[in-house]
Amino acid sequence: MKKIINDPSTVVEEALHGMEVAHADLIKVNYSPAYIVRADAPVKGKVALVSGGGSGHEPLHGGFVGMGMLDAAAPGAVFTSPTPDQVLDATKAVDGGAGVLHIVKNYTGDVLNFETAAELAQAEDIQVEAVVVDDDVAVKDSTWTAGRRGVGGTVLLEKIVGAAAQRGDDLAACKALAEKVNGQVRSMGLALTACTVPHAGEPSFTLGDDEMEMGVGIHGEPGRERVTLTSADEMVSTMLGSVVEDLPFSSGDSTLLFVNGMGGTPLIELYLAYNSCVKFLKEKGIGVTRSLVGNYITSLEMQGMSITLLRLDDDMTTLWDAPVHTAALRWGA
Amino acid sequence: MKKIINDPSTVVEEALHGMEVAHADLIKVNYSPAYIVRADAPVKGKVALVSGGGSGHEPLHGGFVGMGMLDAAAPGAVFTSPTPDQVLDATKAVDGGAGVLHIVKNYTGDVLNFETAAELAQAEDIQVEAVVVDDDVAVKDSTWTAGRRGVGGTVLLEKIVGAAAQRGDDLAACKALAEKVNGQVRSMGLALTACTVPHAGEPSFTLGDDEMEMGVGIHGEPGRERVTLTSADEMVSTMLGSVVEDLPFSSGDSTLLFVNGMGGTPLIELYLAYNSCVKFLKEKGIGVTRSLVGNYITSLEMQGMSITLLRLDDDMTTLWDAPVHTAALRWGA
Amino acid sequence: MACDAAGVAGGVRRVAGTVSEHKAELTNLDREIGDGDHGENLARGFGAVIGKLDAETPDSPGGVLKLVATTLISTVGGASGPLFGTAFLRAATSVGDAGELDGSAVAAALEAARDGVVARGKAEPGDKTMVDALTPAVDAAKAAAEGGGDAAAVLAAAAGAAEQGAADTEPMQAHKGRASYLGERSIGHVDPGARSTAYLLRALADAAG
Amino acid sequence: MACDAAGVAGGVRRVAGTVSEHKAELTNLDREIGDGDHGENLARGFGAVIGKLDAETPDSPGGVLKLVATTLISTVGGASGPLFGTAFLRAATSVGDAGELDGSAVAAALEAARDGVVARGKAEPGDKTMVDALTPAVDAAKAAAEGGGDAAAVLAAAAGAAEQGAADTEPMQAHKGRASYLGERSIGHVDPGARSTAYLLRALADAAG
Ligand SMILES: Nc1ncnc2c1ncn2[C@@H]1O[C@H](COP(=O)(O)OP(=O)(O)O)[C@@H](O)[C@H]1O
Ligand SMILES: Nc1ncnc2c1ncn2[C@@H]1O[C@H](COP(=O)(O)OP(=O)(O)O)[C@@H](O)[C@H]1O
Ligand SMILES: [Mg+2]
Ligand SMILES: [Mg+2]
Ligand SMILES: [Mg+2]
Ligand SMILES: [Mg+2]
């Protein structure tokens, strides 16, 4: 295992220290329990957005805390959902009296721990609603699984709903918008190499030199099938093919295309893949009016990418364009 | 070789296409010869900044083209300096009548090709000056080498001098500032794994499971020495130790600390390393007043990092804080 | 050893030792069909439990169980944190403020624990989760208690059945938790949570026996 | 073959073939002590040269050499692009508008080429660069020309000397170019630019012979 760390058991805490010092103007960090809040939290009268999940997906979620996006993030151990007290204390720290929306990626652990936190917060008279993001088309959504996973769509949802909260939408409106975004976004991932959880010390899985894991999850969970390495165009056609068919997206749609790196993929490959995506969508008559290309929801040092497509309407587009000022996404401010 | 590509010989062109579509509001791309310019180039009366170098270091330099930073970037083949005609045509495309500053990283190929381009541009009556960046303390600056390499300091220089050009500084002032920045910035890199040039198909070097390359260059050039993998704190102490001693930086200095990923290093490790750096500098009484953490000057999928330290004065700080709007760095706009 | 507050605390300490001893194995099982953190998760949780117990041991079995529950909930995270937390919480409620537990109290506590896990996680037997270790354990515990077994005997019966239950998860296809994403590829691996459940019960049984 | 425009063009075509044939070897040498692109760089450059020659062959040796020079300069990049470009440019200038080259014209052109590389790159013999292949080649070419050798003989002499010169770079420590960053670790590898220079001269000699 080759990592820039001191000790597997202090990775998350040391990285939080680094974030805190590097972004002292934006965020404050609490360590016991661990959570990150906007430096100006609580913002009175504004609906607060709290997300969280295992660490190892940086910049998700801590990198999205700030004006126009999240109010707090609760980072668990690497690939391990946070505990209820992290989420509860974060919720209390950011509640500005207008209620709190929990943004939860659909994993058993995340859902259970956020549920417990929400119950405890409600017992303390904080209004809490939750949206569970499940945009990963690689997983069959059936009673035979824990349901679709929350992946790249989470980033877009946090930005768009964050902007709505910032402009003053109330809790019910924020929750409804979050559900709408979740209903219109689909994603799929792919791994070229595995990642190594610091504590485990060994890669989560092994891939042959000419193999890739199609449909991989962001915790290195093996995906839909292990297939032979193909060209970027073919990767994109499999991934976007599933994504487009699932919603389905149709000719004339206006979309936000998000090509995301898994942490170990260089930007040059992401732009190349983005180009393949645009070609693919053009043929189908699907328009790309907004874009995001980069490493935003990652799996440690995994090489690979995920592709997320969101069907936009005018309001979502306005909210996407609205100013945001966080460590990882910033514009108009 | 595991990459998201279609064909090694079209990687750069396809990635340029992707960039062009993803950032149509910011940049225009020319393909033959290849260069990227600000969408609003030439900016009349403003000194234009042109940089360039081999591809594979993204977002450097194309990701830094835009308001407040570069006017043009000339991307060569992967790890290969651009040709004079790329640089010449880029220079002509952005000259707004106030002259053009070439920002060249100190590699034999880059220097030779930019020199030729500058001569040709001058023959066409364009005022051209050049600054050669050589901030890498891993290389001994002696008559026995090609001189120090230009690495992380380039990013900071492009931002700071870009802001000076944007506020209206003339060519002589921009050149003087560029030389001042180059004189006050030092860097050192480290590789945990090698990278693979698409055309070569094989890793540029091989490292044992417990080895790292201390002082690596951004083209996978082996560095100062191959040593046993250590803790983040020890890596930082070796790297920053050399950096601090070289300038030297002293107690009371106000600095910009830039912790850069080599392309395959996850953000969580960069923030952790940043934390180690801050601890190290604190002990020496060196203050960190500005920061940059992320993958900004990379070596394809290499795992590793570089650390850059710039001694700031008031003017540089103001220029660093000035608005910038590029694909990879954006604030205040 | 008597199944009083000190006895239960001793059992919990032994659990902590077992978890730490098998940390790598549990993590490896989770790497196969999950995300490679199960051993670490439990080690972190039971490590924190030991810290709490060192500071102050509650004076009833229920108190100890509740301390374990709240500590696991606030330190483990993941799926197993709330599930094991709920299990210990329900067990604590089940034993009330009894000063010492007999065989049937232990069996009842185990049943309450299992029911709590099922209520939270919605897994059924055969879904390849810790429920597949807990359910046979509850059945065996109840039988042993009905046969007049004391706390140690009931725990020993539960542990044996849980071990068998854990082994039986190997040919199953997962329908809950992270392993379910693997579909058929989850077949052929033992479920980490079922295995840790068996270790946990074995440690309690050994401490009691 | 006569060393006229067609002859030189034929030689250049053969160089393109040789470069493409040895592309992987040159790249591998450059992976050892550089950045792994030398073979690719030259293959891209001479590929473009062939395209230009196919479109139109200039009518003098100097014209062909100039076409090669400008094409290499505008397609190769890296250190070798401007250096080989300069070499061909100086050679073109040296031969002027002669319709056919004799032995001494070839030797003079080689010397001009080498001087151009030195002027641009500032490398001295022993610095472990292409200059270490070019310099013995120039010496051998001049000797052959003085001995009355024709163009083919001069090129053959140059090629042989360049091959030896390239081999001799192996024990050297690099002081110029990317390999210089390696310090002592550059010892024990043949310089890629010296090797490609030798291939280039050998191809020209073979075509002329
Ligand atoms: N819905 C569920 N019901 C019961 N047990 C579950 C459920 N989901 C997961 N588990 C158990 O949790 C174990 C995984 O725990 P752990 O690795 O600590 O959490 P995570 O999956 O969040 O990483 C699985 O092996 C399984 O036994
Ligand atoms: N200053 C110099 N003078 C002469 N030749 C040089 C010099 N610097 C580099 N070279 C030659 O260039 C070769 C490398 O070419 P290439 O790999 O194409 O360029 P780059 O080093 O830019 O990747 C070296 O092997 C060496 O022979
Ligand atoms: Mg987990
Ligand atoms: Mg090169
Ligand atoms: Mg797990
Ligand atoms: Mg090279």
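Naming convention: chains lettered A, B, ... in sequence-line order (proteins, then strands); numbering from 1 in each chain. All of these numbers come straight from a predicted model, not from anything done at the bench.
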Undergrad: Measure distances from D85(B) to the heavy atoms of chain D and classify the residue's part below 4.5 Å as side chain, backbone, both or neither.
TA: side chain
Undergrad: Within 45° of the axis and under 6.0 Å from the centre of the six-membered ring of Y181(D), does NZ or CZ of R149(B) qualify?
TA: yes
Undergrad: Looking at Q173(D), E40(D), H38(D), which makes the most heavy-atom pairs under 4.5 Å with chain B?
TA: E40(D)
Undergrad: Go through the atoms of A43(D) and report whether side chain, backbone, both or neither lie under 4.5 Å from a heavy atom of chain B.
TA: neither
Undergrad: For the atom pair NE2 (H219(B)) and CG (D30(D)), what is the distance rounded to the nearest 0.5 Å?
TA: 11.0 Å
Undergrad: Can you tell me which portion of D89(B) sits under 4.5 Å from chain D's heavy atoms? Options are side chain, backbone, both or neither.
TA: neither
Undergrad: Is D35(D) reaching over with its side chain to a backbone N or O of T80(B), donor-acceptor style, under 3.5 angstrom?
TA: no
Undergrad: Taking all atoms of both residues into account, what is the closest heavy-atom pair of A200(B) and G36(D), and its distance?
TA: CB-O, 3.8 Å
Undergrad: Can you tell me how far the CD1 atom of I33(D) sits from the CZ atom of F205(B), to the nearest 0.5 Å?
TA: 15.0 Å
Undergrad: Does any non-hydrogen side-chain atom of I73(D) lie less than 4.5 Å from one of T83(B)?
TA: no
Undergrad: I need the S180(D) OG to E221(B) CD distance, nearest 0.5 Å.
TA: 9.5 Å
Undergrad: Between P84(B) and chain D, with a heavy-atom cut-off of 4.5 Å, which part of the residue counts as in contact: side chain, backbone, both or neither?
TA: both
Undergrad: Answer yes or no: does atom CD of E245(B) have more than 12 heavy-atom neighbours from other residues, nucleotides or ligands under 6.0 Å?
TA: no
Undergrad: Grab the two heavy atoms, one from S81(B) and one from A79(D), that are nearest each other, plus how far apart they are.
TA: OG-N, 4.3 Å
Undergrad: Can you confirm whether R31(D) sits close enough to V197(B) that some side-chain heavy atom of one is under 4.5 Å from a side-chain heavy atom of the other?
TA: no
Undergrad: Sort Q86(B) into side chain, backbone, both or neither according to what part of it lies under 4.5 angstrom from a heavy atom of chain D.
TA: neither
Undergrad: Under 4.5 Å from any heavy atom of chain B, what part of S80(D) do you find: side chain, backbone, both or neither?
TA: neither
Undergrad: Check side chain to side chain contact (heavy atoms under 4.5 Å, CB included) between A137(D) and all other residues, then give those that pass, not counting sequence neighbours.
TA: A158(D), A162(D), L201(D)
Undergrad: Would you say T116(B) and R120(D) make side-chain contact, with heavy atoms under 4.5 Å?
TA: yes
Undergrad: Sort V111(B) into side chain, backbone, both or neither according to what part of it lies under 4.5 angstrom from a heavy atom of chain D.
TA: neither
Undergrad: Looking at CG of N113(B) and OG of S74(D), how far apart are the two atoms once the value is rounded to the nearest 0.5 Å?
TA: 10.5 Å
Undergrad: T27(D) versus chain B, heavy atoms under 4.5 Å apart: side chain, backbone, both or neither?
TA: side chain
Undergrad: Is it the case that over 12 heavy atoms from other parts of the model lie below 6.0 angstrom from the NZ atom of K66(D)?
TA: no
Undergrad: Around D97(D), counting heavy atoms of other residues, nucleotides and ligands shown, do more than 12 lie under 6.0 Å from its CG?
TA: no
Undergrad: I need the T86(D) OG1 to L112(B) CG distance, nearest 0.5 Å.
TA: 7.5 Å
